[in-house]
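As the structure is a computational prediction, the values presented were derived from the model and not from experiment. The figures that follow rest on heavy atoms only: side chains count, while hydrogens, waters and symmetry mates do not.
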Amino acid sequence: MSKIKVILTQDVAGQGRKGEIVSVSEGYAKNFLLKNNKAIIATDEELKKLENKRLKAEKKLAEEKSKAEEVKKFIEEKVLTMEVKAGENGKIFGSVTTKEISAAIEKDFGLTIDKKKIDANIKTTGEHIVTLKLHSDVKAELKLVAKG
């Protein structure tokens, strides 16, 4: 039984994930993986293409991280002030939502931050630290002042 190397074009249970190079039996490769477009034969040309794709992806990730670092530096120098409705004891009616914070950041700083990437729980007036997830490795802390 001869083995053949293939590059998976999608996740295959029991074999590996998309983009991995795996060694499988020739019959399995021809009758299942290649037939169902789940893999391609790992020729030198295909391996070069895979390597180039990986390098492009790494470069793109590095650029995204660099951009996120710049945004972090910009945000951490700023203070976001929001007007809120609050009682006499400083307790906000309801709370400041991530959607409201996202809209305020866009209005005041011209940055678009997805509300799902904002971690905040603001129920009182005063100064708060809001965490923004800008990248998988980059988190920024924004100072937010809630004025009643």
Side chain to side chain donor-acceptor pair (under 3.5 Å) partners of residues 56-69, not counting sequence neighbours, each pair once: Arg54-Glu58

CA sep, side-chain torsions, deciding dist, call: Leu134, Ile113, side chain to side chain contact (heavy atoms under 4.5 Å, CB included): CA-CA 8 Å; Leu134 303 173; Ile113 307 280; 3.6 Å; yes

Heavy-atom check, side chain of Leu50 versus side chain of Ile21, under 4.5 Å: yes

Presence of salt bridge, Asp11 and Arg17, under 4.0 angstrom: yes

In one Ile/Leu/Val/Met/Phe/Trp/Tyr side-chain cluster, 4.5 Å: Phe74, Val138: yes

Ile40 reachable from Tyr28 in the ILVMFWY side-chain graph, under 4.5 Å edges: no

Summary of side chain to side chain donor-acceptor pair (under 3.5 Å) pairs that have at least one residue in residues 36-45, sequence neighbours excluded: Gln10-Lys38

Approximate separation, where rounding is to 0.5 Å, of Ile92 CD1 and Lys85 NZ: 12.5 Å

Side-chain donor or acceptor of Ser95 paired with backbone N/O of Lys123 under 3.5 Å: no

Spacing of CG belonging to Leu61 relative to NE2 belonging to His135, to within rounding of 0.5 Å: 5.5 Å

For the student: nearest non-hydrogen atoms of Ile75 and Ala140, plus distance: CG2-CB, 4.3 Å

CD1 on Ile105 to CD1 on Ile118, rounded to 0.5 Å: 4.5 Å

Glu127 vs Val145 side-chain heavy atoms within contact, under 4.5 Å: yes

Nearest-0.5 Å distance that lies between atom CG in Leu144 and atom CG in Leu80: 4.5 Å

Least distance between heavy atoms, Asp119 atom then Val130 atom: O-CG1, 3.8 Å

Enclosure of Lys5 NZ (heavy-atom neighbours >12, cutoff 6.0 Å): no

Nearest heavy atoms of Ile4 and Ala29, plus distance in Å: CG2-CB, 3.5 Å

From Asp108 atom CG to Lys78 atom NZ, the distance as rounded to the nearest 0.5 Å: 10.0 Å

Worked check of side chain to side chain contact (heavy atoms under 4.5 Å, CB included) between Ile101 and Met82: CA-CA 8 Å; Ile101 295 169; Met82 294 180 73; 4.2 Å; yes

Sub-4.5 Å side-chain heavy-atom contact between Ile122 and Val84: no

Between CG on residue Leu34 and OG1 on residue Thr9, distance to nearest 0.5 Å: 9.0 Å

Closest approach of Glu83 to Gly148 (non-hydrogen atoms, all atoms of both residues): OE1-O, 4.5 Å

Phe32 side chain near Val24 side chain, heavy-atom distance below 4.5 Å: no

Nearest non-hydrogen partners of Thr125 and Lys147, listed with the distance: CG2-C, 4.3 Å

Side chain to side chain contact (heavy atoms under 4.5 Å, CB included) between Val12 and Val22, worked out: CA-CA 11 Å; Val12 179; Val22 293; over 6 Å; no

Over all atoms of both residues, closest heavy-atom pair of Ile41 and Glu46: O-CG, 3.7 Å

Glu76 and Glu141: CA distance, side-chain angles, deciding distance, side chain to side chain contact (heavy atoms under 4.5 Å, CB included) verdict: CA-CA 6 Å; Glu76 290 188 342; Glu141 291 188 344; 3.9 Å; yes

